[in-house]
There are 2 protein chains.
Amino acid sequence: MFKATPASIPPPNARLALPDPKGPDARPWLHPLNPLQFILRAAEIYPNKIALVDDKVVYDFKTWCQRTQNLAYALTQAGIKPGDRVAVIAPNCPMAADTFYGVLAVQGILCLINTRLKPSDVAYILDHSGAKIILIDHEFTHLVPNNTNVPVVICKDSGKQGDPYEDFLTAGRRFSQERGWSGLVPSADENASAILCYTSGTTGRPKGVVTTLRGSYLAAVANAYESKIHSNSTYLWILPMFHAAGWTFPWSCVFAMGKQITMRTVDYPTIWRHFLHSSVTHYCGAPTVQIGIVNDPAARKLKHSVSAIIAGAAPTASLIGSLEGIGIKPIHVYGLTETYGPFTRNYEQDAWTKMSIHERSQLMARQGHAFATAQNVRVVKVEGSELTDVPRDGKTIGEIVTRGNIVMKEYFRDPEATTKAFRGGSFNSGDLAVMFEDGTVSIVDRQKDIIISGGENISSLSVEQELSSHPDVLEATVVARAHPKWGERPHAFIILKPHISKWHGKHDEFAHALKAHAKKRLPGFAVPEWIQVVSELPKTATGKILKTDLRNMVAKL
Amino acid sequence: MFKATPASIPPPNARLALPDPKGPDARPWLHPLNPLQFILRAAEIYPNKIALVDDKVVYDFKTWCQRTQNLAYALTQAGIKPGDRVAVIAPNCPMAADTFYGVLAVQGILCLINTRLKPSDVAYILDHSGAKIILIDHEFTHLVPNNTNVPVVICKDSGKQGDPYEDFLTAGRRFSQERGWSGLVPSADENASAILCYTSGTTGRPKGVVTTLRGSYLAAVANAYESKIHSNSTYLWILPMFHAAGWTFPWSCVFAMGKQITMRTVDYPTIWRHFLHSSVTHYCGAPTVQIGIVNDPAARKLKHSVSAIIAGAAPTASLIGSLEGIGIKPIHVYGLTETYGPFTRNYEQDAWTKMSIHERSQLMARQGHAFATAQNVRVVKVEGSELTDVPRDGKTIGEIVTRGNIVMKEYFRDPEATTKAFRGGSFNSGDLAVMFEDGTVSIVDRQKDIIISGGENISSLSVEQELSSHPDVLEATVVARAHPKWGERPHAFIILKPHISKWHGKHDEFAHALKAHAKKRLPGFAVPEWIQVVSELPKTATGKILKTDLRNMVAKL
């Protein structure tokens, strides 16, 4: 039976309220939006309800809340001042969850670093962000340069005394002298920076996306509302928290006063154990993760309702069918790190219930409409600083742009990139899309993923969708490869379904069969010229396929 | 089959977006919170989904959205400028619903006037608010002084051409010259005033509560989230929209993209017809209305889930039992006009499932904890401008105070009352309460409703709760009556259940029996000295009992 450290236990009669805003701008009818409020409210309403668990630790809301306060004081003791960056290098684990509250409580900026980056990229981010302290999981200490001047706190993820992170928290509790929450001063400015998340940067140096307290609050509330997360929900952490701040779900779950379960790695048997035995109701993940889930040998029809929030790419018809088949409800959203995760959602229409799964999944694959609390989304032609909406014809390709409360504030220390991203007064996503008559947005491709063949634009996404509909294909990805006559032609990488053995040693025959399949569904110029069967694909930590790597690979062929 | 007026039909390819904020403060990562956004988003996502119906008209979102735009242009044509007050005198009906959007679209301030007020009070409000136009339902024209200089638009609630309100909208559409939403300029300041709602004013002149766009947005989102209203929900309008702006539900339902059904009067058979045949899932109402619902002859066990959002007074054990018995889930919230309606909620605890309905209802009767998006709630002793929290002992009485985003901005043109209401930097609710160890707030009484007898404070509420537990009592209300020896003593007014005949002509015997019942449950000094059986009680339009009237009545005895 796990016991939290003594420092994790709140004093009796702890007052769970932040100090009221002070100063000339303070108004009794206004309080700055700040997701930090969520954990105090949850601890007040449901002190003894399980809030955060992993395979070793269990914290209820009052205990977890105290731990985030301890973290805040520990950071203060370590010299962290408002606006300072606190770097976190960790898998999904309780420490990472703590930082979403503890860092905000000292007006710090939380900089979550992808654990799958190379040490040189991590070094670049630590340097560029000017991190003042590093909280790091014991498995990832090799990512930090040995000669770093920045103080490092290692977490063994044990929850036990003697774990350096636990000792750090305990020291924070001692330092606080039981001043509690009223001894901390949250930001009076809701537009202050909250999170600094570096984009995985498939090309060039990573860029640091800065988001605000206000945006985080509004996005988190929207995610709880749209996903229907409530106090009886259990959220399973499959999506890494360092990816776009976990799409704000570290806050959504606490706003909802629901339970969170963290897992250090994406491990399908463990996911299924949780699905079947931990009353999981919600999780987020890219399609590639969803494919892993539905194809795991442990997969079976679920007796309770589970919602899968899907982004990163559009789910295919086959994936939607498989998810629904086992009782998982897909919620297709779309967004970027720059939009706090989701800023559009595919909204189901009544008419869809009468459709075949194939017809319906075509519509479900669209990125849809503006999310709750998002401002509107547009598809535009960009000329200079002029943004002109494309016609709603489902054909004319433009760039997705958006603006408003759930758009990042800036790229950290990069005014040039910021100015470029906000050309025309909206955030330019870099994603190419069409808009249909009903106002739904449908991504054609990333600007850099489009294949231009003999003057024709080929959406690599649409080719992938059609290749994935072949019954033997698990996953398909398509990139441009130079071609002497057509300029570029599609090159497809295919992973076969694990139980399919008939194509062993017959990849040429398979390529022939798949081309025939594609010819029935695509214009001739879009049928891949090359089909290559592979056993795995290079992916980012978040399950996005690294098309840049694949392009580099085919460039050498 | 109802057909909307031609002017209600939007043009093809209508662009459903407000113009982007302009000016030096405009930021691409910020948009002013404004509930007007909800209807444009709903019309974009679900253009053909039923949005608003009454017994005559049916509007889908695209049509309703166009009508609110027409209203905005009609108001502009009538000379309404930003900050101007638009008075609305109407029962729950489509016109009233329109104004929650049309008025905000011209930066007007919506002043909803209680239709049950006396003409002299209405005249006072029209004068005090400085209303620039009056939109009035045909049944209430007698409330407006004949000699008014203010333009009046009468609505016959027909939805048909020839109805003056419809002609007003049609003229607005013509005036717009199809400039659409981009021709309207919503407020760039989210703290601009949105609603002016006069409190029913049981004593003195009504006070005008001013709320903001930001507060309305955040309260509406909170209400949708807490009540779990979604696009498949149907909300039945029992609570008047003029009561605290319908607790922001006119916006919550549209944020949720759900359906609203309006009813001109609170009529129990009609409510039951809707419960049974219109797939109603949600409604709001004071306990007195809920009592009427569960006691109606048409009441029966519902086959689908309905949630009742209850405020105005705490639901009794007997009411909770009756509601749950027919499948209605009570959601007990608490608030005032000054807090946009709900700002606390009674949150269910796991441990309650093991309790008896009586035990559980005692806990459910508490006002609970701070609502989603509300700042914290306190119970304090007020001395000068010092607010000191009472101990969490469930005994010490203090005043409920709150602050933050869902607190009103001011009393209109009443700086003195505003200053008084915000003593100590928080909004002073005037409600007396205790706080329990678990942080739940429980109202003891309104400051003015407390009965002081021989130096003892008697909560009229707690006496009412115990009287209501008598099996023959439908409704009980208790006020202070002067007493030569004790200063004050409780006087109880009782409505017997309609099917109870045994007390006909035997009210003295009943009083005797009820006193005996009360003596077992209350301290001697709290047992009513007088018990009076009545057939009805004076109530405000919102179902709140007018204790002032009762006090005046007993003062003459």
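Labels below follow one simple rule: chain letters A, B, ... track the order of the sequence lines, proteins then strands, and each chain is numbered from 1.
Taking CG of A:Asp350 as the start and NZ of B:Lys49 as the end, the distance is 7.0 Å to the nearest 0.5 Å. The distance from atom CD of A:Gln375 to atom CG of B:Leu30, rounded to the nearest 0.5 Å, is 9.5 Å.
Of the two parts of B:Phe371, only the backbone, made up of N, CA, C and O, holds a non-hydrogen atom closer than 4.5 Å to a non-hydrogen atom of chain A. For B:Phe38, no part lies under 4.5 angstrom from a heavy atom of chain A. At a 4.5 Å heavy-atom cutoff, the contact between B:Tyr347 and chain A is made by backbone and side-chain atoms alike. Within the 4.5 angstrom heavy-atom criterion, atoms from both the backbone and the side chain of A:Ala256 approach chain B. Of the two parts of A:Arg378, only the side chain, counted from C-beta on, holds a non-hydrogen atom closer than 4.5 Å to a non-hydrogen atom of chain B. Interface remark: B:Thr212 contributes side-chain atoms only to the contact with chain A (heavy atom separation under 4.5 Å). No part of B:Asn48 comes within reach of chain A, as not one of its non-hydrogen atoms sits under 4.5 angstrom from that chain. For B:Ala222, no part lies under 4.5 angstrom from a heavy atom of chain A.
Using a distance-only test at 3.5 Å, with no hydrogens or angles considered, no donor-acceptor pair links the side chain of A:Arg403 to the main chain of B:His31.
Per-residue heavy-atom pair counts under 4.5 Å with chain B were compared for A:Tyr46, A:Phe422, A:Phe427, and the maximum is reached by A:Tyr46. In terms of non-hydrogen atom pairs under 4.5 Å with chain A, the most contact-rich of B:Met257, B:Glu348, B:Gln37 is B:Glu348. Among A:Gly368, A:Pro391, A:Ala372, A:Ala17, the residue with the largest count of heavy-atom pairs under 4.5 Å with chain B is A:Ala372. By number of non-hydrogen pairs under 4.5 angstrom with chain A, the leading residue of B:Thr211, B:Leu16, B:Val407, B:Asn405 is B:Asn405. Interface remark: of the candidates B:Thr373, B:Asn232, B:Val221, B:Thr402, B:Thr373 forms the most heavy-atom pairs closer than 4.5 Å to chain A. The candidate from A:Glu226, A:Glu437, A:Gln349, A:His230 with the greatest count of non-hydrogen atom pairs under 4.5 Å with chain B is A:His230.
Taking 4.5 Å as the limit, every side-chain heavy atom of A:Glu410 sits out of range of all side-chain heavy atoms of B:Trp29. Using a 4.5 Å cut-off on side-chain heavy atoms (C-beta onward), A:Lys228 and B:Lys228 make no contact. Within the 4.5 Å cutoff, no side-chain heavy atoms of B:Asn376 are placed close to those of A:Arg41. B:Arg345 has its side chain out of reach of A:Ile45: every pair of non-hydrogen atoms, C-beta onward, lies at least 4.5 Å apart. Between A:Pro28 and B:Met408 the shortest side-chain heavy-atom distance does not fall below 4.5 Å. Residues A:Leu218 and B:Leu33 form a side-chain contact, since some pair of their non-hydrogen atoms from C-beta on lies under 4.5 Å apart. The closest side-chain heavy-atom distance from B:Arg15 to A:Asp389 is below 4.5 Å.
Residues B:Arg392 and A:Glu44 are paired through a salt bridge, judged by an N-O separation under 4.0 Å between the basic side chain and the carboxylate. A salt bridge links B:Glu190 with A:Arg214: the distance from a Lys NZ or Arg NE/NH1/NH2 to an Asp or Glu carboxylate oxygen falls below 4.0 Å.
In this pair, B:Tyr225 and A:Phe255 present their aromatic rings tilted. The plane angle is within the 30 to 60° band.
The 12-atom threshold is exceeded at CG of B:Asp393, counting heavy atoms of other residues, nucleotides or ligands nearer than 6.0 Å.
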